[in-house]
Amino acid sequence: MLIHGSEGFVMPAHLRIATYAYEHTAALLDGRVPIDGVDATFETAPLVSDIFRRTVERRYDVAEYGLTYFLRTFDLDDSPFLALPVFPNRNFRHSAVFVNTAAGIEQPRDLAGRTIGEFAMFGHDPGVWMKGIFSDEYGLTPDQSRWVVGGTDHPIPAFDWIPQPVPAGVDVRHAADDQTLGAMLEAGEIDALISVDVPQALLAGSTKIARLFPDYETVERAYYRRTGIFPAMHIIAVPRELATRADLMLALYRAFDQAKQLAQDTYRRGALKQHMGVITPWFSRHFEENLELLGDDWWPYGLAANRTVLDTFLRYHYEQGLSRRLLTSEDIIVPALLDT
C-alpha cells in the first residue's frame, strides 16, 4: 500500500528504519518511542557498516549513515539523500591514532614521510577528523605521508559500493588480501594507524604499539574547550523524495531526540544514587566532569548546536579531496529541520 503525500509524491505506507543498537536508540528499537503518525519497523545489524551498505542498496527508507559515506554521494549525478540533524555516533578521535613504538613518532609532525594505515578506506570518518586536526593544528597534510587501507584485525576488501576518491599527489594503496593493519603496525611494516578499532595487540599488552596521544582524554578535553567540537561520525540519511514531507521529517527527528533524551535521563536519575547500577568505579565523578565540560545536553541533536561540527567536517572533507565542492549545512540537512 502506498500513501500519496500532500506534496504529490508516493510515500511508503510502512517505513523500514535502520540504526545501530546504541543506548540512545534502544527506545526506538524496542518500541518504547513510536514515530508520531508513522507505521515503522526499526532494524539493526551486527556491524554498522552493514547498515551503510544496505542503505546504498536502498533496502531501508531511513537509515544511519557514516558522514563520509553520505557526503560522497553528493558527487554523483543525482545524490539520493539528505540528512536529519541527528548524530547517533560521535566520538573524540585523538584516541584513534596508534604508532609503532620503534618508529620514533612522538608528535603529529613526526608522521611526515611515514606510512600510515587507515581502517576501511582513505577518509573513513575518524580519519577525516584526525587528518583535519593534524592539518589545522600541526601543519601536517595527507600528501606528506603514504597510506595503506585495510582492516585492523581482520582483512577487509575494498568498499567498492561507495565512491573512493583519492586526491592527486596522495599515495594510497590497499593492503594485500591476507594482511591486517594491526599486524603490519606491530611488525613495523607501517609506522602508524588511524582506526575506529583498537588493535587487538595493544589490548593484549603488546609493547610494540602505543597511542600517539597516551593521555588522550586530557588532549580531547582540551580540544573541546578550545573548539567546542564534539566530533560527529554518523547522521540519519533520508531519501530526497521523503525529505519533502516536513511533517514526516519533524516526526522522525522528534522520535530520535526523545529516545536520546530517555538515555540521558537514565544517567541523570542514576546520579541521585551515585550510579550504583553501573559497574564502572567512580563513574559518578566522571559523569559530573562531563556535565561540567559538555553541558546538560551532552549529546546534542539539531543544526544550531552542531553547525560548527558539521561545517568543520565539511571543510575537512573538501580539503582532503573527498568532496568536489565545499558543501554547507544547508546543502545536506532536510529543509524542514534547518531551524532545529
Side-chain angles (χ1 to χ4, degrees), residues 9-12 14-22 25 28-29 40-90 118-129 149-152 154-167 172 174-175 177 195-197 232-245 248-249 252 256 310 313-314 316-318 320-325 327 331-334 337:
F9 75 90
V10 178
M11 186 179 79
H14 179 87
L15 294 183
R16 293 184 63 188
I17 304 174
T19 181
Y20 196 63
Y22 308 104
T25 60
L28 296 167
L29 290 165
T41 298
F42 277 86
E43 303 177 23
T44 189
L47 298 175
V48 72
S49 58
D50 292 339
I51 295 176
F52 298 169
R53 181 164 189 164
R54 293 167 190 169
T55 300
V56 171
E57 297 167 349
R58 302 301 293 267
R59 291 165 64 178
Y60 304 123
D61 300 300
V62 177
E64 178 179 354
Y65 210 12
L67 258 175
T68 184
Y69 297 78
F70 168 77
L71 293 176
R72 290 168 194 236
T73 68
F74 280 75
D75 286 341
L76 303 175
D77 292 335
D78 185 19
S79 173
F81 304 113
L82 290 173
L84 305 180
V86 168
F87 306 93
N89 185 304
R90 60 199 314 160
E118 184 167 6
F119 177 79
M121 61 185 182
F122 180 74
H124 80 312
D125 292 309
V128 173
W129 276 111
V149 173
T152 300
H154 304 281
I156 59 173
F159 285 180
D160 57 4
W161 40 272
I162 196 74
Q164 298 280 346
V166 174
V172 180
H174 200 283
D177 291 345
S195 173
V196 65
D197 293 338
M233 303 293 146
H234 303 168
I235 49 80
I236 299 297
V238 297
R240 286 181 180 268
E241 59 268 24
L242 289 185
T244 62
R245 276 290 300 269
L248 175 61
M249 295 300 100
L252 286 167
F256 274 96
L310 275 180
F313 191 91
L314 292 171
Y316 287 167
H317 211 257
Y318 173 71
Q320 293 168 31
L322 302 174
S323 291
R324 293 177 187 168
R325 63 187 178 94
L327 296 163
D331 291 323
I332 68 172
I333 299 298
V334 298
L337 299 176

**Report entry** E43 CD to R59 CZ distance, which is reported to the nearest 0.5 Å
**Finding:** 9.0 Å

Query raised in the report: Of the non-hydrogen atoms in A243 and V334, which two are nearest, and what is the gap between them?
Result: CB-CG1, 3.6 Å

Query raised in the report: Which value, rounded to the nearest 0.5 Å, describes the distance between M121 atom CE and L322 atom CG?
Result: 8.0 Å

Query - Partners passing side chain to side chain contact (heavy atoms under 4.5 Å, CB included) against A18 (at least two apart in sequence or in another chain) - result: I51, Y60, A63

Query raised in the report: With side chains defined as the heavy atoms from C-beta onward, is the minimum distance between T73 and Y65 less than 4.5 Å?
Result: yes

Review item, side-chain donor-acceptor pairs of residues 158-166, under 3.5 Å, at least two apart:
from, atom 1, to, atom 2, distance (Å)
Q164, NE2, F159, O, 2.9

Requested in this report: For the residue pair T44 and T19, establish whether any side-chain heavy-atom pair is separated by less than 4.5 Å.
Outcome: no

Query raised in the report: Going by distance alone, is a donor N or O of one side chain under 3.5 Å from an acceptor N or O of the other, for R53 and S49?
Result: no

Report summary line: Smallest heavy-atom separation, A40 atom then I17 atom, equals CB-CD1, 3.9 Å

Query - Distance in Å, L29 CG paired with F42 CZ, rounded so as to fall on 0.5 Å steps - result: 7.0 Å

Requested in this report: Report yes if the side chains of F119 and D125 come closer than 4.5 Å at any heavy-atom pair, otherwise no.
Outcome: no

Report task. Verify the ring-centre separation between F70 and F81: is it less than 6.0 angstrom? Result -> no

Query raised in the report: Thinking salt bridges, do R54 and E64 make one under a 4.0 Å N-O criterion?
Result: no

Query raised in the report: Could you walk me through whether L337 and L84 pass the side-chain contact (heavy atoms from CB on, under 4.5 Å) check?
Result: CA-CA 7 Å; L337 299 176; L84 305 180; 3.5 Å; yes

Query raised in the report: By side chain to side chain contact (heavy atoms under 4.5 Å, CB included), which residues pair with R324, not counting sequence neighbours?
Result: D75

Requested in this report: State yes or no: are the ring centers of H234 and F52 separated by less than 6.0 Å?
Outcome: yes

Query raised in the report: Between H124 and T68, does any side-chain donor sit less than 3.5 Å from a side-chain acceptor?
Result: no

**Report entry** Test log, rule side-chain contact (heavy atoms from CB on, under 4.5 Å), inputs F87 and I236
**Finding:** CA-CA 7 Å; F87 306 93; I236 299 297; over 6 Å; no

Query raised in the report: Does atom OH of Y318 have more than 12 heavy-atom neighbours from other groups under 6.0 Å away?
Result: no

Requested in this report: Look up atom CD in E241 and atom CG in L82, then write down how far apart they are to the nearest 0.5 Å.
Outcome: 10.0 Å

Query raised in the report: What heavy-atom pair brings Q320 and G127 nearest, and what distance separates the two atoms?
Result: OE1-O, 4.3 Å

**Report entry** Pairwise side-chain contact, M233 with L67, heavy-atom cut-off 4.5 Å (strictly under)
**Finding:** no

Query raised in the report: Are L252 and V62 close enough that some pair of their side-chain heavy atoms sits under 4.5 Å apart?
Result: yes

Query - Residue pair Y69 / T55, side-chain heavy-atom distance below 4.5 Å - result: no

Requested in this report: Report yes if some heavy atom in the side chain of D331 is under 4.5 Å from a heavy atom in the side chain of L314; otherwise report no.
Outcome: no

Report task. Dump the intermediate steps for side-chain contact (heavy atoms from CB on, under 4.5 Å) on S79 and R240, then the final yes or no. Result -> CA-CA 8 Å; S79 173; R240 286 181 180 268; 3.8 Å; yes

Report summary line: When every non-hydrogen atom of G321 is compared with those of P167, the smallest separation belongs to CA-CB, 4.1 Å

Query - Side-chain donor/acceptor of T25 to backbone N/O of Y20, under 3.5 Å - result: yes

Report summary line: Correct closest heavy-atom pair for G123 and E118 would be N-OE2, 3.0 Å

Query raised in the report: Could you walk me through whether L71 and L327 pass the side-chain contact (heavy atoms from CB on, under 4.5 Å) check?
Result: CA-CA 9 Å; L71 293 176; L327 296 163; 3.9 Å; yes

Query raised in the report: Are N89 and Y22 close enough that a side-chain donor and a side-chain acceptor fall under 3.5 Å?
Result: yes

Query raised in the report: With a 4.5 Å limit on heavy-atom distance, are the side chains of P155 and D177 in contact?
Result: no

Query - Over all atoms of both residues, closest heavy-atom pair of H174 and I156 - result: CE1-O, 3.0 Å

